2 protein chains.
Amino acid sequence: MGLSKAAMSGIARDLIALGVLHETETVQGQGRPSILLDLHPEGAFFVGISLLEDPAPLVLSDFNGNILARQTMPLSRDPGVIAGLIADALPKLLSGRKDAKRKLYGLGVALSGFVDERQANCVQSTLLGWQDVPLAQIISQKCGIDTFIENDAKAVAVSEKLFGSARDVQNFSVVSFDDGIGCAHFIGGKLYRGNHGGAGEIAHCTIEPGGSPCRCGKRGCLDTVASLKAIREMAKAEGLSCHSIEDLETEAARGNAAAVRVLHRAGNALGLAIAHLIQFNDPGMILIAHVEGRFDGLFGTVMRQTAEANVLPRYAGQTPIRTHRVDRDVWARGAASIAAHNFLIGPTPN
Amino acid sequence: MGLSKAAMSGIARDLIALGVLHETETVQGQGRPSILLDLHPEGAFFVGISLLEDPAPLVLSDFNGNILARQTMPLSRDPGVIAGLIADALPKLLSGRKDAKRKLYGLGVALSGFVDERQANCVQSTLLGWQDVPLAQIISQKCGIDTFIENDAKAVAVSEKLFGSARDVQNFSVVSFDDGIGCAHFIGGKLYRGNHGGAGEIAHCTIEPGGSPCRCGKRGCLDTVASLKAIREMAKAEGLSCHSIEDLETEAARGNAAAVRVLHRAGNALGLAIAHLIQFNDPGMILIAHVEGRFDGLFGTVMRQTAEANVLPRYAGQTPIRTHRVDRDVWARGAASIAAHNFLIGPTPN
DNA sequence: ACCATAAGTTCAGGAAATAAACAAATCAAC
DNA sequence: GTTGATTTGTTTATTTCCTGAACTTATGGT
């Protein structure tokens, strides 16, 4: 942070007194051992909500990203109704934790769509049918808590940066692999949202020119070949009875040519998109977060091979591609981390 | 900058006294008019050198990016020889400008290859046959001037941000279109170099899977289809006698099917790469800097159409794609701006 | 037991930002 | 014209906060 030893000493003392930091382990070396500091788990609490599924999950998260409680509420497309449902669900979520109630410093919402850079307004969401909805304001007025909203993939990226495996990586991209494909970039240690909030929308990059029509209006989007939904549909079109990647992998291992074809085509598309990501942005890590599916079979192998084969040979293998199976709570946890990030760092300047 | 009126007042006064800033025009409005400040052209001078051609151009630039003098020197692959040649060329370049000699605050070098984040070492350059060459140190020792080196496209991007049409754009990408294709990103107002210095290397993204072999070892790289060199070679392969884009455009306008084919293929490839750039990074502007060629004919039209057709329809037309014909001095001017940037902003922290 | 090494604290001195009052320059309205 | 509103830009006392240097603490090595 460019501060002297003395300044850090004072700031750390204050933050420990505030209950935000606490001393963890000591590290031995030459000389007096260092005492490591970390966020105090009970220093602050946040609520995260995912509007990606029905019923919508709500989680209570501590300052280390641990989930302390979990609730669900029905999904609605009406912002006012959503705010009311959240307000109703909060007491149950916080019940029995009076410190959490007192130190509840923020609320985050993850949704599919575009969000403005103030993380306050939903500019557009096809899934929710929204256009310029000031969701953060509506919720914070109803619930009396600082509220921030964010795109699903970007929320997961922030979560990985704050609490996950990307803590020490300055530049990385998260690919969220589910029914649809999302992506978000961290650049220079900060979330990069793009000039219109569209950075990372790799789902609709053209990966098979002239390929299958996409719901976006174009053809050959990555989403039409590599998403879970696309894989299911390709399997169906091939006349296969199985739907999930797991089943397809089993079939492929048995030598079913149609299953091999589907997994190859999907893995190839995703691998090419990741290769482009590496060539364009040279991230320090690519993290694929998937709720379902497997990346240790043919699909994953083809994906990795294609990714390696389509970057400058000099760079092949230089960018770690990690796959990370996550539970259904990623989105809600990601949402909570958006609130935590705003509490920690504050709103972005400019 | 997050500073109070009073603080700005004092800082501005000091900088004007130092000769770095000066008052330019006054702007009328309600109340007392504002006095705009700008860098004083004669507040600082920089030298820029391009190692991209033989003979290598050297320019003397003022603090507004204007070129005051120009020299050339033979190109060498030996860092020590280069340092010596620069030291020899400097007196001529500065002759007759004693203020420039006194206020020469930096020297920049543009080259084709990878540079580390301290802008001091050339990690690798195929063109120059280098591997981990501490060029900045070698030159600064010989010449006694603070020296910084940078990749060619990244240098042009910094130049556009400091002095060109991207002054007020926080997020943009520059595509340098020449014998080869280069690219660099500004993100959040800062040059983003990537984790290995490879951000923006779009030349070797696979744009025609299974296409022509590339000197990098892969196939179907953008460089094999859309660069000036590739266009010349495709024209030759089509049996056309003309080489330049200008001639091909003339032929295409006359109805020459082969010329149309070549321009279509190249424009399509560049357009698709730009579409990917928009989908992945959502920049506020894309600036194509070209020394030769034309973008107002078939080639440019196909490029723009393909770019528009391959981004999310919602975003089509939202990202300005500007083409900008530049003279041969861009690289040297860009190099000078790297030195200016380091004088203005200082080295990147972290 | 002693020294070297590094972590962490204390405190005086100083650099730099702020707030608030003030001065200056224009426009709009009467 | 004159007056008042409005906004820019400056001044100065005050406050905040950082640094440097000396000091204390805790460990490993010899």
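Not measured: the values here are computed from a predicted model. In what follows, chains carry the letters A, B, and so on, assigned in the order in which the sequence lines appear, proteins first and then strands, with residues in each chain numbered from 1.
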Does a side-chain N or O of A/R13 approach OP1 or OP2 of C/dT10 to a distance below 4.0 Å, or not? yes
Flag, side chain of A/Y192 to backbone of B/N171, donor-acceptor distance under 3.5 Å: no
Lys/Arg N to Asp/Glu carboxylate O, A/K154 vs B/D282, below 4.0 Å: no
How long is the line joining CG of B/L15 and C1' of C/dA16, in whole Å? 15 Å
In Å, rounded to the nearest 0.5 Å, how long is the span from CD of B/Q119 to CZ of B/R193? 5.0 Å
Out of D/dT11, C/dG8, D/dT19, whichever nucleotide has its closest atom nearest the side chain of B/S9: D/dT11
Please report, rounded to the nearest Å, how far the C1' atom of D/dT19 is from the CG atom of A/L3. 10 Å
Identify whether any heavy atom of A/S4 sits under 4.0 Å from a base atom; if not, whether one sits that close to sugar-phosphate; answer base, sugar-phosphate or nothing. base
Side-chain donor/acceptor contact of B/R32 with base of D/dT8 under 3.5 Å: yes
Report the residue (A/G31 or A/G10) whose heavy-atom-nearest nucleotide on DNA chain C is the more 5′ of the two. A/G31
As a test of reading the structure: which of C/dA17, D/dA26, C/dA28 is closest to the side chain of B/A7, going by heavy atoms? C/dA17
Whole angstrom is fine here: how far is it from CG in B/D14 over to P in D/dT10? 11 Å
If you draw a 6.0 Å radius around CZ in A/R118, do more than 12 non-hydrogen atoms from other residues or ligands fall strictly inside? no
Quick note, B/I35 side chain, CB onward, closest among D/dT7, D/dG9, C/dA6 is D/dG9
Can you check the B/M8 CE to C/dA19 C1' distance for me, whole Å? 17 Å
Per the end-axis method with five pairs at each terminus, what is the bend angle of the helix from C/dA1-D/dT30 to C/dC30-D/dG1, to 10°? 20°
Quick one: B/I11 CD1 to D/dT11 P, roughly how many Å, whole number? 15 Å
Separation between CG of A/D99 and CG of A/L94, rounded to the nearest 0.5 Å: 10.0 Å
Specify the residues of residues 16-28 of chain B, ordered by number, for which at least one heavy atom lies under 4.0 angstrom from an atom of DNA chain D. none
If each of B/L36 and A/G29 is mapped to the nucleotide of DNA chain D with the nearest heavy atom, which maps nearer the 5' terminus, i.e. the 5' end? B/L36
Answer yes or no: is there a donor N or O on one side and an acceptor on the other, between the side chain of A/D62 and the main chain of A/N64, under 3.5 Å? yes
Report yes or no: is the cationic atom of A/R314 (NZ for Lys, CZ for Arg) under 6.0 Å from the centre of the six-membered ring of B/F114, at an angle within 45° of the ring normal? yes
Earlier contact from the 5' end, DNA chain D, for B/A6 and B/P33: B/P33
Would you check if B/H341 and B/K161 make a side-chain contact, meaning some heavy-atom pair closer than 4.5 Å? no
Name the residue from A/F343, A/F45, A/F63 that meets the ring-ring contact (aromatic ring centres under 6.0 Å, His included) definition with A/Y105. A/F343
Donor-acceptor check, side chain of A/T24 to backbone of A/H22, threshold 3.5 angstrom: yes or no? no
Take the protein atom NZ of B/K5 and the nucleotide atom P of C/dA23, then report the distance between them rounded to whole Å. 14 Å
